[in-house]
Structures are given as C-alpha cells and as structure tokens.
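Just so it is clear, the values below take in all heavy atoms, side chains as well, and ignore hydrogens, waters and symmetry mates. Lettering follows sequence order; numbering is per chain, from 1.
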There are 2 protein chains.
Amino acid sequence: MQEVQEKVFPDEQGLRARKRQETHARIQAEGLRLFIEKGFDGATLDEVAAAAGVSRRTLLNYFGSKEEIVFSLKAQIPEMIAQAVAARPCDEPLLDMVEGGLADVAARFQTPDMLDLTRLIHQTPALQAGDHAKYEGVERLLAQTLAERKGLAPDDVACRVAAAIGVSIMKLAGEAWLAHPDEGPERFGREAFAVLRRMAGQRPPP
Amino acid sequence: MQEVQEKVFPDEQGLRARKRQETHARIQAEGLRLFIEKGFDGATLDEVAAAAGVSRRTLLNYFGSKEEIVFSLKAQIPEMIAQAVAARPCDEPLLDMVEGGLADVAARFQTPDMLDLTRLIHQTPALQAGDHAKYEGVERLLAQTLAERKGLAPDDVACRVAAAIGVSIMKLAGEAWLAHPDEGPERFGREAFAVLRRMAGQRPPP
DNA sequence: ACTTTTTCTTGCACTTCTTGCATATTTGCA
DNA sequence: TGCAAATATGCAAGAAGTGCAAGAAAAAGT
C-alpha cells in the first residue's frame, strides 16, 4: 500500500493522457511542416504519419481528416472570441462589443506560426473552403454570445448581423495581414469598422 | 453542290454543341435529383453517371468534381449580381447600391428548385464549405464592381467592406428563407440592412 | 462522297482519402 | 500480478479524382 511518490510530475494526470497529447502535437507539427514544405496536396497522409511516428490509421484516429490537422491549430479561436466578447461591459453598443472582442483576440494571434498557417490556407482551395465553413461556426457562436450578453433572443437579428459583420471584417483583416505581414490584422480591422460606421451612418437621400 | 435545306433548325450552331448542352443539363438534373433523394454522400458518381447515360469519366470531364454538379446551378449568380449593381445610379450610397442590387437578384431566385438546392447545401457539410468558398468569389467580384462604378481603387476599403456586408446578409437571408420558405429571402435582407444602419449609426458614448 | 482532322467519349490503371472491423499492444487499476 | 479498458495497427473495401491512350462521332476539307 505504498502510495508514496506515485507521481513524479503531479500535473500530468497519467501516462496515457500525456502520450496522447504528445502524439497529437507531433502530428500537428509534422503535418504543418510538411504541408508548408510540399503543399497541402503535395504531402500525403502516409508521409505525415511516418514523420510523426504513427500509422496512417492512427493518425486518422486522432484527426478524422487531413484538413483537421490544419484546422486544429485554430480550434481555440471560437472559444476565445466568445470569452473576449463576454468580458465586455454589457451596456456597450453591439458593434463596439464585436470590434473590441475581435481586436483582443486578433492581437493574441499575431505569431509567425499563425501567419504561416494563414498563408497555407489561402494557398490551398480545399483549405479555404473549410476555413470559411469554420468561420460560420464562429459567427454562430458570436451571435449567441452577444444575445446572451444583451439578454436578447438567441436568434435576434441585430446580434446575427453584428456577428456576421464582425466575422466578415475578421476575414478581410486576415487577407490584409497576408499582404502586409509587418502590420498585423488589427489596424485594418479598426479601419474597416470605422469605414463601416461612416458608411452606414449616412442616411440615403430622400 | 446542293446547299439547300442544309439546316432545318437554323438557331442550333451544330449538333456537337447541342449534344454537349443536353448532356450537361442531364447530368445536372439527374445529379440534383439523386442528391436530394439519397443525400449528397449517399449517391455515388457512378449512379449519377448511369442515370445521365454517360460514363463516370465523361461526367468528371463535364464537371471536374462532384461538388461542381451542385454549384453549377448557382454559377450565374455572381455575374447577375455584378450586373444588377452596375445598373444602379452611381451617385447612390455604397450600401444602397449593394442592398438594391442584391434584392434584385434575390427576387429572381425564389424558385422551388433553388429552395431545394439551398436545402441540400445546408444539409451537407462538404457542400456548405464549398458554398462559402463560392461566396468569397461573389464578394470579390462585388467589391470590384462597386469600385469601378464609383471610380475608386480596386482594393478600396469601403467597397470591400460594403461587399462583405452584402454577402454576409445574403447568407443570413438564405438561412432565413429555409426557416420560412413562404416569405422569401428579401424581407429578411431588408430588415437586416435596416438593423445595420441603425446599429452603425449610433456612435459609441465618449 | 470520301478522307482527314478535330473533338468527344470511354475504359483502364493508379493514387489518395476515408471508414469499418478484427486483432494486437499498452496502460490503468484492484 | 492479472484483469479490464483504452489505444494502436493492419487489412480490406469504397469512393473521388487524374492521366493516358484507344475508339467513336462530328466537322471540315477536297
């Protein structure tokens, strides 16, 4: 019954979980490396699996599809956006909540790795499609978060429009980042929101 | 050298072209029918090809991919939008140009077939991804058209933002159409634009 | 009318992604 | 240690997509 020194590393909740995380990370890293090196279509799953030291079957066990290896690197974004928006004062106008929340998150994602990833996605049609699909999930979650924060119905039109606009500008900012990697997406995003307010503010002539 | 009565149907520019159009249309029709009946993933290319009376190889010769069979039914939309926007008075505010142009096009697409197609796409993850990707093409073309109409630079921020907003609202309107097939997407689109103006008009408190 | 040339169709082989299933192998726990 | 659960792997099969070359059909030239 010697329970002493059962775990040398107290934060790891078991060898199994740790190995799983390591394998996951190894597939991600090797996958991204090979995709950038040889193109997403140029690198096969067998190559990635071999580089990660697992069988192809196991790789697909971890990721479900080739695309998922790429998108898993962005998997945290939706939740981060939701949190950033939820942290805003609830008396703030909808559009400001969105602008502020997205700017917070964008600032945290200006890493070289993320730039590489963004480049890869924009170079690959198949990944672009998947990327846009993921953004729709973001939009949905964002709209819902806004509605909760404001105490409105989950399908409130204003919240959905605000979320849609936020995501649209986020996409544009991503493209702008690729064009000007030294600036980061934030500046463009701010400008886009400013332009939007100016544009929508002016009423059409009667 | 009797060239008399060479062609009974003068408007057909050759048997080859006509057959091509017929085959194209037959694959579209049978494809859509089978996809709706058995699901996009439930129907194989072999089945569609057989139903259309061609080989699988020929089908892929016409369409390039399974998805293209579906999206070819929406292929005219980008051009229609560009035309509708280009037909607007050029002194109109950007947002009004977009709203008006999109409403024109939307009105022309409220057919039962298009509703079926929209349903199919929204039921199928793979098609949703492709759909969003196509919308990006629309957005790009729309932004460019706006810039030309206004005599601005092709990458003008205001035009890009206006285009992005228009496409976002178009997507939302499509979803609203699925939820309320009796109304059509127009009403929701109008409301969304109104909400947007109201939202963006109110300046944040200093 | 006949031949030539061009275009289209088809079959075949091949690669790759993806899934299902059965079978080891490893890890956690009593 | 020994049993149960989770994990890894191999194998088989299905389906999408691509390249190639032979065959069929239409158009053009003579």
Side-chain angles (χ1 to χ4, degrees), chain A residues 1-10 12-27 30-31 34-35 38-72 124-127 129-130, chain B residues 1-4 6-10 12-27 31 34-35 38-72 124-127 129-130:
Chain A
M1 228 204 244
Q2 61 279 41
E3 293 177 355
V4 186
Q5 212 183 14
E6 217 176 8
K7 301 185 176 183
V8 185
F9 305 112
E12 295 162 5
Q13 65 281 65
L15 197 153
R16 183 163 271 163
R18 185 186 35 165
K19 271 188 130 179
R20 221 184 145 67
Q21 285 180 330
E22 284 174 358
T23 304
H24 193 273
R26 207 162 354 112
I27 296 174
E30 294 298 301
L34 285 169
F35 293 155
K38 316 177 63 172
F40 182 73
D41 298 312
T44 70
L45 285 185
D46 286 293
E47 292 177 282
V48 178
V54 295
S55 71
R56 183 163 50 111
R57 195 61 189 82
T58 298
L59 185 151
L60 285 166
N61 197 332
Y62 273 82
F63 283 95
S65 79
K66 196 179 180 184
E67 290 190 358
E68 276 308 304
I69 301 174
V70 174
F71 294 131
S72 66
T124 314
L127 292 179
Chain B
M1 228 203 242
Q2 60 279 41
E3 292 177 354
V4 186
E6 218 174 7
K7 299 185 177 185
V8 186
F9 306 112
E12 296 162 3
Q13 68 279 61
L15 198 155
R16 183 161 272 162
R18 187 186 35 167
K19 271 188 134 179
R20 221 182 145 68
Q21 286 181 329
E22 284 175 358
T23 304
H24 192 273
R26 206 159 359 110
I27 296 174
L34 284 170
F35 292 154
K38 316 177 65 171
F40 182 72
D41 298 311
T44 69
L45 285 185
D46 287 289
E47 291 177 284
V48 177
V54 294
S55 70
R56 182 163 60 106
R57 195 63 188 80
T58 297
L59 185 152
L60 285 166
N61 198 333
Y62 273 81
F63 283 95
S65 81
K66 198 179 180 185
E67 291 190 357
E68 275 308 304
I69 301 173
V70 174
F71 293 132
S72 66
T124 314
L127 291 179

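- Put simply, CZ on Phe63(A) is 15 Å from P on dC17(C), counting in whole angstrom units.
- When distances run from any side-chain atom of Leu60(A) to the nucleotides dT27(C), dT19(C), dG10(D), the shortest one goes to dT19(C).
- Nearer the 5' end of DNA chain C, as judged by each residue's closest nucleotide, is the contact made by Arg16(B), out of Arg16(B) and Ala43(A).
- Ile69(A) is listed as a side-chain neighbour of Leu45(A), based on a closest heavy-atom distance under 4.5 Å.
- Residue Thr58(B) places none of its side-chain N or O atoms closer than 4.0 Å to OP1 or OP2 of dT9(C).
- Contact check for Thr58(B) versus Ile27(B): no side-chain heavy atoms found under the 4.5 Å cut-off.
- Counting to the nearest Å, the P atom of dT9(D) and the CD1 atom of Ile27(A) are 9 Å from each other.
- At the phosphate of dA15(D), neither OP1 nor OP2 sits under 4.0 Å from any side-chain N or O atom of Thr44(B).
- The separation between Asn61(B) atom CG and dG17(D) atom C1' is 13 Å, rounded to whole Å.
- dT19(C) atom P lies 11 Å from atom CD of Glu68(A), rounded to whole Å.
- Arg18(B) places its CZ atom 16 Å from the P atom of dA25(D), with the value rounded to the nearest Å.
- Residues Arg56(B) and Thr23(B) each lie close to DNA chain C; by heavy-atom proximity, the contact nearer the 5' end of the strand is made by Thr23(B).
- Spacing between atom CG of Leu59(B) and atom C1' of dA16(D) amounts to 11 Å, rounded to whole angstrom units.
- For dA8(D), one of the phosphate oxygens OP1 or OP2 lies less than 4.0 angstrom from a side-chain nitrogen or oxygen of Tyr62(A).
- Spacing between atom CZ of Phe40(B) and atom P of dA16(D) amounts to 8 Å, rounded to whole angstrom units.
- Side-chain contact between Thr124(A) and Phe35(A) is absent, with no heavy atoms from C-beta onward closer than 4.5 Å.
- The distance from atom CZ of Arg20(B) to atom P of dA25(D) is 17 Å, rounded to the nearest whole Å.
- Residue Arg57(A) places none of its side-chain N or O atoms closer than 4.0 Å to OP1 or OP2 of dG20(C).
- Distances from the side chain of Leu45(A) to the nucleotides dT10(C), dC17(C), dG17(D) place dC17(C) closest.
- Under the 4.5 Å side-chain criterion, counting only non-hydrogen atoms from C-beta, Tyr62(B) is not in contact with Val54(B).
- Taking every side-chain heavy atom of Ser55(B) into account, dT10(C) is the closest of dT7(D), dT10(C), dT9(D).
- The structure places NZ of Lys19(B) at 9.0 Å from CZ of Arg26(B), a figure rounded to the nearest 0.5 Å.
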